Amino acid sequence: MAQLLITGGAGFIGSHTCLVLLAAGHHLVVIDNYDNSSPESLRRVAELAGPGASGRLAVVEGDIRNAADLERAFAAAPADQPIEGVIHFAGLKAVGESVRDPLRYWDVNLSGSRQLLASMQAHGCRTIVFSSSCTVYGLPETVPIRETAPIQPINPYGHSKAAVEQLLADLATSEQGWRIARLRYFNPVGAHPSGRIGEDPSGIPNNLFPFVSQVAVGRRERLQVFGGDWPTPDGSGVRDYIHVMDLAEGHQAALDKLMKEAPQLLTVNLGSGRGLSVLEVVRAFESTCGRPIPYTIVERRPGDAAITVADPALASERLGWRTRRSLAEMCRDGWAWQNANPTGYGG
Ligand SMILES: NC(=O)c1ccc[n+]([C@@H]2O[C@H](COP(=O)([O-])OP(=O)(O)OC[C@H]3O[C@@H](n4cnc5c(N)ncnc54)[C@H](O)[C@@H]3O)[C@@H](O)[C@H]2O)c1
């Protein structure tokens with residue numbers, strides 16, 4: 001089993017992936033500055049992983065932009081079992097905020113990744129799984145979206161992800177031995193079925209699922225649906241939602257592949273290939289929680305697409321991975337988390 005460094009491991013996707021990796025027997029060092037998370041998530045990951053596994057989880061509070069913090073993270077692994085691979089989740093992810101504060105987004109997402117890669121190189125560690133996003137495709141010309149679609153982001157967040165993707169490709173060209181997976185996630189939702197860990201966005205949620213579940217639990221009054229006149233069957237936008245546990249398993253599959261095979265640069269979509277409209281999600285959530293979700297249809301948001309759905313064929317072919325969990329499971333698990341933790345980890 002491998003010794004791994006997980007950046008941003010206290011966050012939404014990171015915490016679920018840590019749990020999957022601990023269950024698979026890996027040893028983990030997490031580095032997180034808790035900018036958008038809480039140490040409580042990792043405490044619960046350790047609790048869910050069980051007493052045998054929690055000794056395999058070390059946590060370092062630190063910032064990936066800081067070389068000394070990364071040194072402490074590399075030093076947290078035992079000398080006879082150095083870090084062999086990195087899963088790089090740490091970053092900022094709110095599109096609107098990135099438009100308002102591009103300097104911060106380029107700093108954390110690009111400078112942070114550059115520093116991490118320099119530290120990895122200094123430690124002779126050349127295996128990395130990177131959290132990219134379907135945002136790199138911008139407004140897609142055709143759906144479902146294949147990995148060969150043009151990279152044409154339309155906001156600073158997407159530009160910063162595309163820049164890190166390019167940096168990784170440049171590194172792979174510059175030096176032999178890099179094993180790199182660039183994973184382009186679609187829309188991760190849901191939670192671990194225990195309801196102990198889940199998504200805990202600070203402030204007003206940017207994404208549909210946390211917003212819907214906060215309305216259901218009474219924390220927000222009503223949902224705003226952006227656009228009711230899209231060229232879709234019910235007029236609301238269509239997205240490719242993926243259960244966060246499926247996504248976590250996708251990371252495990254990518255890591256296994258990188259560690260087993262010759263050095264390579266792998267780029268895959270992680271999505272289900274199935275589009276669901278906003279209104280379908282609202283109805284499914286209502287039937288899970290047994291409460292109405294009041295909503296208002298408002299203007300479209302600039303930069304939104306009508307339909308964004310992955311072509312998941314390459315992930316299936318290259319990783320032997322595909323999504324397994326249904327919309328009903330996304331709602332059930334997301335609701336179990338929100339209902340038991342109405343104010344997230346703070347409650
Ligand atoms: N959730 C999504 O919808 C989505 C979609 C596509 C891609 N992604 C990408 O996946 C990754 C994880 O997303 P998430 O939803 O778990 O987000 P998240 O905010 O829950 O997790 C990110 C984690 O990184 C940490 N972090 C931020 N800046 C840091 C820094 N400078 N140093 C150390 N830690 C830092 C945060 O505290 C947080 O724990 C991000 O890179 C995001 O851009 C997310």
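Quick caveat, the model's predicted, so the values are computed rather than measured. We use all heavy atoms of the structure for the numbers below, so side chains are in, but hydrogens, waters and symmetry mates are not. Atoms within each ligand, like the ligands themselves, are counted from 1 in listed order.
- Between R324 and E329 there is no salt bridge, since none of the side-chain N atoms of the basic residue sits less than 4.0 Å from a carboxylate O of the acidic one.
- W335 and F285 have perpendicular rings, their planes meeting at more than 60° on a 0 to 90° scale where under 30° would count as parallel.
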Using a cut-off of under 3.5 Å, which N/O atoms of ligand 1 pair up with protein N/O atoms, and what distance separates each pair?
unit_1   : atom_1 : unit_2 : atom_2 : d
ligand 1 : 15 (O) : K93    : NZ     : 2.7
ligand 1 : 16 (O) : F12    : N      : 3.2
ligand 1 : 16 (O) : I13    : N      : 2.8
ligand 1 : 17 (O) : K93    : NZ     : 3.4
ligand 1 : 19 (O) : N36    : ND2    : 2.7
ligand 1 : 20 (O) : F12    : N      : 2.9
ligand 1 : 26 (N) : N33    : OD1    : 3.4
ligand 1 : 31 (N) : D63    : OD1    : 2.9
ligand 1 : 32 (N) : I64    : N      : 3.1
ligand 1 : 34 (N) : N33    : N      : 3.3
ligand 1 : 34 (N) : N33    : OD1    : 3.3
ligand 1 : 37 (O) : D32    : OD1    : 2.7
ligand 1 : 37 (O) : D35    : N      : 3.0
ligand 1 : 37 (O) : N36    : N      : 3.0
ligand 1 : 37 (O) : S37    : OG     : 3.2
ligand 1 : 39 (O) : G11    : N      : 3.2
ligand 1 : 39 (O) : D32    : OD1    : 3.2
ligand 1 : 39 (O) : D32    : OD2    : 2.6
ligand 1 : 39 (O) : S37    : OG     : 2.7
ligand 1 : 41 (O) : F89    : O      : 2.8
ligand 1 : 41 (O) : K161   : NZ     : 2.8
ligand 1 : 43 (O) : Y157   : OH     : 2.7
ligand 1 : 43 (O) : K161   : NZ     : 3.1

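- Ring geometry for Y105 versus Y157: interplanar angle over 60°, hence perpendicular rather than tilted (30 to 60°).
- Ion pairing between a basic and an acidic side chain is recognised when a charged N comes within 4.0 Å of a carboxylate O; R274 and E280 show no such pairing.
- Note on ring orientation: taking the six-membered ring where Trp is involved, the planes of F186 and Y137 are tilted (angle from 30° to 60°).
- At a threshold of 4.0 Å, the pair E40-R43 counts as salt-bridged, since one of the basic side-chain nitrogens sits closer than that to a carboxylate oxygen.
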